[in-house]
Amino acid sequence: MGAQQVRDGFAELYGADPEGVWAAPGRVNLIGEHTDYNDGFVMPFALPHTALTAVSRRTDGRLRLHSADIGGGVTELRLDDLAPESDREWTAYPAGVVWALREAGHAVTGADIHLASTVPAGAGLSSSAALEVVVALALNDLYGLGLKGWQLARLCQRAENVYVGAPVGIMDQTAAACCTDGHALFLDTRDLSQRQIPFDLAAEGMRLLVVDTRVKHAHSTGEYGKRRAGCEKGAALLGVDALRDVPYGELDAALARLDDEEVRRLVRHVVTEDERVERVVALLESGETRAIGPVLTEGHASLRDDFRVSCPELDLVVDSALAAGALGARMTGGGFGGSAIVLTEAADAGTVTKAVEEAFAAAGLTAPRVFEAVPSPGARRIG
């Protein structure tokens with residue numbers, strides 16, 4: 001799906017050409033899982049897979065939405081009727097962005113929107129954030145709002161937290177809005193300070209594979225919310241604003257103060273995961289890229305055993321990839337399904353892929369989708 005196809009689809013639906021076409025990517029998180037809503041560190045990069053939208057302004061207070069990927073006609077909404085958690089369909093994501101912009105005082109008077117996406121839904125690759133950010137960027141450009149990428153990310157997070165009702169952190173929207181080609185984004189989710197870290201695996205003879213298990217997950221369901229509430233409880237019991245404030249060197253002492261074993265596990269994961277992000281940044285900046293492999297694998301063990309958001313299919317990817325010679329592997333995204341990432345030598349990528357596929361076949365599972373993750377540009381106008 002390219003810009004011209006989305007433009008043509010818009011014209012067919014609405015009887016006129018759009019004012020422009022925009023793209024926003026899905027993302028892979030290299031390291032730093034479930035740290036973003038704990039004010040911690042994350043390190044995503046953008047995928048070549050994107051959500052595309054063709055948009056024109058309206059002046060009559062109406063919003064018309066259509067997706068090329070979902071059956072059904074055009075959904076028409078009145079802007080004055082938009083209200084949090086009033087919509088349980090896909091339309092909640094773009095409508096929530098319009099609601100958030102208007103709530104923030106921006107004079108958006110309506111829009112015709114046609115969307116299409118190549119970001120796999122439910123794969124832990126932030127298809128919803130891509131959808132939100134591409135709509136936000138289009139409206140920002142068309143209405144001349146002058147918002148920066150990090151500001152659009154904040155508004156999109158508010159749309160998903162309040163309008164959709166999913167308690168997500170800020171990482172996914174910031175990745176979609178702010179990532180750059182050939183880099184991973186080292187993001188401090190407390191103050192949104194960013195550093196672009198060069199990440200060109202091909203030049204160093206390596207590949208990063210994404211393995212979509214095809215097991216679906218939904219962040220707005222209860223398990224994600226339980227983890228977040230448990231982290232907030234841990235921070236309160238330890239007397240800190242967020243788990244980010246527990247020093248890694250004082251982790252054992254902090255854990256000794258907690259009686260609730262579930263809260264202890266959550267705290268241990270978040271504090272050690274923040275330290276892993278800092279370790280990966282240091283390794284990449286010192287040119288020791290292969291050494292990040294074991295750190296990725298450590299992160300998976302923590303997500304599996306302490307945070308308990310892995311699943312048998314994700315564990316199978318990691319175990320079979322490592323057995324076939326991968327440098328490192330871990331689940332990525334919120335968990336309960338979705339995707340894993342596998343770092344491998346370029347020469348071993350085919351062998352590792354085959355080993356994972358054979359492991360799934362032997363277990364009687366649906367064949368996974370495997371593709372190479374190449375750090376790509378963030379949200380942008382493309383037509």
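This is a predicted model, so every value here is computed, not measured.
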Give a yes or no answer on whether the side chain of Thr189 reaches the backbone of Gly40 with a donor-acceptor pair at less than 3.5 Å.
yes
Compare all side-chain heavy atoms of Leu115 with those of Trp90 and state whether any distance is below 4.5 angstrom.
yes
Once you round to the nearest 0.5 Å, how far does CG of Asn38 lie from CD of Glu232?
8.0 Å
For Pro167 versus Gly225, what's the shortest heavy-atom pair and its separation?
CG-CA, 4.1 Å
Inspect the contact between Asp172 and Arg27 and indicate whether a charged nitrogen and a carboxylate oxygen are less than 4.0 angstrom apart.
yes
Compare every heavy atom of Leu137 with every heavy atom of Arg381, then report the nearest pair and how far apart it is.
N-CD2, 4.3 Å
Smallest heavy-atom separation, Cys231 atom then Val270 atom, equals SG-CG2, 4.0 Å
Can you list everything that forms a side chain to side chain contact (heavy atoms under 4.5 Å, CB included) with Arg58? Sequence neighbours excluded, please.
Asp60, Arg62, Arg64, Asp112
Which residue pairs pass the side-chain hydrogen bond (donor to acceptor under 3.5 Å, both in side chains) test when at least one of the two sits in residues 342-366, sequence neighbours left out?
Arg290-Glu345
Minimum-distance pair of heavy atoms, taken over all atoms of Val210 and Ala373
CG2-CB, 3.6 Å
CG of Leu303 to CD of Glu298: how many Å apart, nearest 0.5 Å?
11.5 Å
Are any non-hydrogen side-chain atoms of Thr213 and Val317 less than 4.5 angstrom apart?
yes
Give me the atom names and distance for the closest heavy-atom approach of Ala177 to Gly149.
CB-O, 3.6 Å
Does Ser56 reach the main-chain N or O of Glu19 with its side chain, forming a donor-acceptor pair under 3.5 Å?
yes
Sorted by chain and residue number, the ring-ring contact (aromatic ring centres under 6.0 Å, His included) partners of His49 (sequence neighbours excluded) come out as Phe371
Salt bridge or not between Asp80 and Arg102? Use side-chain N to carboxylate O under 4.0 Å.
yes
Are the side chain of Thr297 and the backbone of Val295 linked by a donor-acceptor contact shorter than 3.5 Å?
no
Rounded to the nearest 0.5 Å, the CG atom of Leu101 sits from the CG atom of Asn140 at a distance of 8.0 Å
Just so I know, are the side chains of Leu142 and Trp22 near enough to count as touching, which here means a heavy-atom distance under 4.5 Å?
yes
Have Gln196 and Thr180 got a donor and an acceptor in their side chains that come within less than 3.5 Å?
yes
Beyond-backbone contact of Val162 with Glu103, side-chain heavy atoms, under 4.5 angstrom
no
Decide if atom CD of Glu262 counts as having more than 12 heavy atoms of other residues, nucleotides or ligands within a radius under 6.0 Å.
no
Between Asp212 and Arg369, does any NZ, NE, NH1 or NH2 come within less than 4.0 Å of an OD or OE carboxylate oxygen?
no
What do you reckon, are the aromatic ring centroids of Phe186 and Phe45 less than 6.0 Å apart?
no
In this structure, would Ile170 and Tyr224 fall into the same cluster of hydrophobic residues linked by side-chain contacts under 4.5 Å?
no
Side-chain contact test, heavy atoms from C-beta onward, threshold under 4.5 Å: evaluate it for Leu82 versus Tyr163 and give yes or no.
yes
Can you tell me if Thr50 uses its side chain to pair, donor with acceptor, with the backbone of Leu52 under 3.5 Å?
no
Where the side chain of Arg207 meets the backbone of Glu372, is there a donor-acceptor pair that is under 3.5 Å apart?
no
Which distance, rounded to the nearest 0.5 Å, do you find between the CG of Asp8 and the CG of Leu13?
11.0 Å
Might you point out which heavy atoms bring Ala136 and Cys156 nearest each other, and give the distance in Å?
CB-SG, 3.6 Å
Gap between atom CD1 of Ile113 and atom CG of Leu131 - 0.5 Å precision:
9.0 Å
side-chain hydrogen bond (donor to acceptor under 3.5 Å, both in side chains) contacts in which one or both residues fall within residues 300-325, not counting sequence neighbours
Arg268-Asp306, His269-Ser302, Arg276-Ser302, His300-Asp315, Ser310-Asp315
Please tell me whether Glu132 and Gln157 have a donor and an acceptor in their side chains that are separated by less than 3.5 angstrom.
no
Are the aromatic ring centres of Phe199 and His183 under 6.0 angstrom apart?
no
Contacts table for residues 324-332: side-chain donor-acceptor under 3.5 angstrom, sequence neighbours left out:
unit_1: Arg330; atom_1: NE; unit_2: Leu30; atom_2: O; d: 2.9
unit_1: Arg330; atom_1: NH1; unit_2: Glu33; atom_2: OE1; d: 2.9
unit_1: Arg330; atom_1: NH2; unit_2: Asn29; atom_2: O; d: 2.7
unit_1: Arg330; atom_1: NH2; unit_2: Leu30; atom_2: O; d: 3.2
unit_1: Arg330; atom_1: NH2; unit_2: Glu33; atom_2: OE1; d: 3.0
unit_1: Thr332; atom_1: OG1; unit_2: Asn29; atom_2: N; d: 3.3
unit_1: Thr332; atom_1: OG1; unit_2: Asn29; atom_2: O; d: 2.9

Would you indicate whether the side-chain heavy atoms of Val42 and Val277 approach each other to under 4.5 Å?
no
Partner set under side-chain hydrogen bond (donor to acceptor under 3.5 Å, both in side chains) for Lys148, not counting sequence neighbours
none
Heavy atoms from other residues, nucleotides or ligands near CD of Glu12 exceed 12 (cutoff 6.0 Å):
no
Can you tell me if Arg227 uses its side chain to pair, donor with acceptor, with the backbone of Glu223 under 3.5 Å?
yes
Cationic N near anionic O, under 4.0 Å, Arg244 to Asp36:
no
Is any side-chain heavy atom of Leu152 less than 4.5 Å from a side-chain heavy atom of Gln173?
no
Side-chain donor or acceptor of Asn161 paired with backbone N/O of Val168 under 3.5 Å
yes
Consider only side-chain heavy atoms of I, L, V, M, F, W and Y, link residues closer than 4.5 Å, and tell whether Ile341 and Met206 are in one cluster.
yes
Does Trp99 reach the side chain of Arg158, with side-chain heavy atoms less than 4.5 Å apart?
yes
Rounded to the nearest 0.5 Å, how far does CD of Gln194 lie from CG of Asp191?
10.0 Å
Verify the ring-centre separation between His66 and Tyr14: is it less than 6.0 angstrom?
no
Check the side chains of Tyr143 and Thr109 for a donor-acceptor pair under 3.5 angstrom, ignoring hydrogens and angles.
yes
Would you find a donor on one side and an acceptor on the other, under 3.5 Å apart, between the side chain of Arg264 and the backbone of Leu255?
yes
Is Glu89 atom CD crowded by more than 12 heavy atoms from other residues, nucleotides or ligands, each under 6.0 Å away?
no
Got a salt bridge between Glu285 and Arg195, using NZ or NE/NH1/NH2 to carboxylate O under 4.0 Å?
yes
